[in-house]
Amino acid sequence: MKKFHISLPEDFSFSECRWFLDRGFDDCVHRVSGERIIKALQLDGRELLVEMTEGWGQLEVRILQGQADEKNVGLLSAYIREWMDMDRDLSPFYTLLKKDKRLAYMTEDYKGLRLMGIVDLFESLAWSIIGQQINLKFAFTLKRRLVEKYGKSISHGGETFHLFPDATMLAEATVEDLRPLQFSGSKAAYLIGLANTFARGELSREALLSLPDRERRLQALMKVKGIGVWTANYCLMKSLRDPSGIPHGDTGLLTALANHGVIRDRKELAKIDRFFSKYKGWESYLVFYLWRSLAVKPVG
DNA sequence: CGCCAGGAGTGGA
DNA sequence: TCCACTCATGGC
């Protein structure tokens, strides 16, 4: 089987989602090319190269490389639905946005934008550690260097598509290995420590999900050196799909809130809490849309 | 050159 | 519990 379709839910815009994946940055774990998204991924131990386009009101998925039986296709379909958060009804969120004159425009300008996730928990944690306290452009540069050095790749049509390295590969690295890639000493140590934590089986998606509530999951994540409140919330929202994650301390979020007149200076934490209290159950989406507002979409 | 960037750990009060 | 300090480096 080389091709299949996923029916699109209401309030789903493939072009908005696709644009977000690119938005002017060089993200090495997928490629946006014209109308297409191409991504290399690993499912059930198999490496696949997948192309996604929109056609006839459906998401069309082509397997460009790799063998996929019926089981893999099922997994792949589930993966994409999860990645693009397709099984969610956004209408309650849009109803909330429309109540705020400062944000109502988002329901039109970003209509159908889904919270694009990072399905793999280790990848989401590693990526957020990479992105701590440095600008995003540089963060993507660091990620590419790491991925090109430690990750597998798939060649297709003269191009190379990378997979994010899994924990066992990074667990072998040393701080001295990463320093030449311009990782700071602490960033390198955090990453390697995280990889070892995963490699030893001390942290996993299943283990986190088995915990009773988000507070316990936050605590479990923050036991790992290098994972603070920002990273823990970010990963709960991007990887575990926690709807109520607010990455406190996020400088981009503060900028967006100031841009929209929600806060005047960046220290009004109580004001931010009050603001988010109106979005119970949709905090993560609100954060995501606020981040979206920071990127300037070119006209046309 | 200075400030900022989708923070976190540490140590002292 | 809460602040100040430190780390570290590219982007602008």
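Here is how names work: the chains are called A, B, and so on, in the same order as the sequence lines, proteins then strands, and each is numbered from 1.
- Within a heavy-atom distance below 4.0 Å of DNA chain B, no residue of residues 197-205 of chain A is found.
- Taking a cutoff of 4.0 Å between a charged side-chain nitrogen and a carboxylate oxygen, A:E54 and A:R18 do not qualify as a salt bridge.
- Contact check, A:R179 against C:dT9: a side-chain N or O comes under 4.0 Å of OP1 or OP2.
- For B:dA8, the OP1/OP2 oxygens have a side-chain nitrogen or oxygen of A:T231 closer than 4.0 Å.
- Distance A:K187 NZ to B:dG9 C1': 13 Å, rounded to the nearest Å.
- Between the CD1 atom of A:I130 and the P atom of C:dG10 there is a distance of 16 Å, given to the nearest Å.
- Comparing A:G185 and A:K137, the nucleotide of DNA chain C nearest to each residue sits closer to the 5' end for A:G185.
- C:dA8 sits 16 Å from B:dG11 when the P atoms are compared, rounded to a whole Å.
- The aromatic rings of A:H30 and A:W83 sit tilted, their planes meeting at an angle between 30° and 60°.
- Regarding contacts with the backbone of B:dA8, a side-chain N or O of A:Q132 is found under 4.0 angstrom from either OP1 or OP2.
- Between the P atom of C:dG11 and the CG atom of A:L142 lies a distance of 9 Å, rounded to the nearest Å.
- For A:I134, counting side-chain heavy atoms from C-beta on, the closest listed nucleotide (B:dA8, C:dG10, B:dA5) is B:dA5.
- The existence of a salt bridge linking A:K143 and A:D27 is confirmed by a sub-4.0 Å separation between a basic side-chain nitrogen and an acidic carboxylate oxygen.
- A:F164 and A:Y150 have their aromatic ring centers separated by at least 6.0 angstrom.
- For A:N259 and A:R102, the side-chain atoms include no donor-acceptor pair closer than 3.5 Å.
- A:R23 comes within contact range of at least one nucleobase, with a heavy-atom separation under 4.0 Å.
- For the pair A:V287 and A:F276, the minimum side-chain heavy-atom distance is below 4.5 Å.
- The nearest whole Å value for the distance from the CH2 atom in A:W230 to the C1' atom in B:dA8 is 11 Å.
- Heavy atoms of A:V287 sit nowhere under 4.0 angstrom from any nucleic acid atom.
- To the nearest angstrom, P of C:dC3 lies 10 Å from CG of A:L269.
- Taking only side-chain nitrogens and oxygens, A:T251 comes nearer than 4.0 Å to OP1 or OP2 of B:dA5.
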All N/O contacts under 3.5 Å from nucleotides 10-13 of chain B to the protein, with atom names and distances to one decimal?
from	atom 1	to	atom 2	distance (Å)
B:dT10	OP1	A:K225	NZ	3.0

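- Proximity of A:L257 to A:K271: side-chain heavy atoms (C-beta onward) are nowhere separated by under 4.5 Å.
- Computed from coordinates, the A:L191 CG to B:dG7 P distance equals 15 Å when rounded to whole Å.
- If you check B:dA5, C:dA8, B:dA8 against the side chain of A:Y190, the one that comes closest is B:dA8.
- Relative ring orientation between A:F93 and A:Y285 is described as tilted, the plane-to-plane angle lying within the 30° to 60° band.
- Residue A:Q133 has no polar side-chain atom (N or O) positioned under 4.0 Å from OP1 or OP2 of C:dT9.
- Look at CD on A:Q182: it is 18 Å from P on C:dC7, rounded to the nearest Å.
- Distance, A:F183 CZ to B:dA8 P: 16 Å, rounded to whole Å.
- Along DNA chain B, the nucleotide nearest A:L136 and the nucleotide nearest A:I227 are compared for position; the residue whose nucleotide lies closer to the 5' end is A:L136.
- Side-chain contact check for A:T231 and A:Q132: at least one donor-acceptor pair (N or O, by modelled atom type) lies under 3.5 Å.
- Ring planes of A:F20 and A:F288: tilted class, angle from 30 to 60°.
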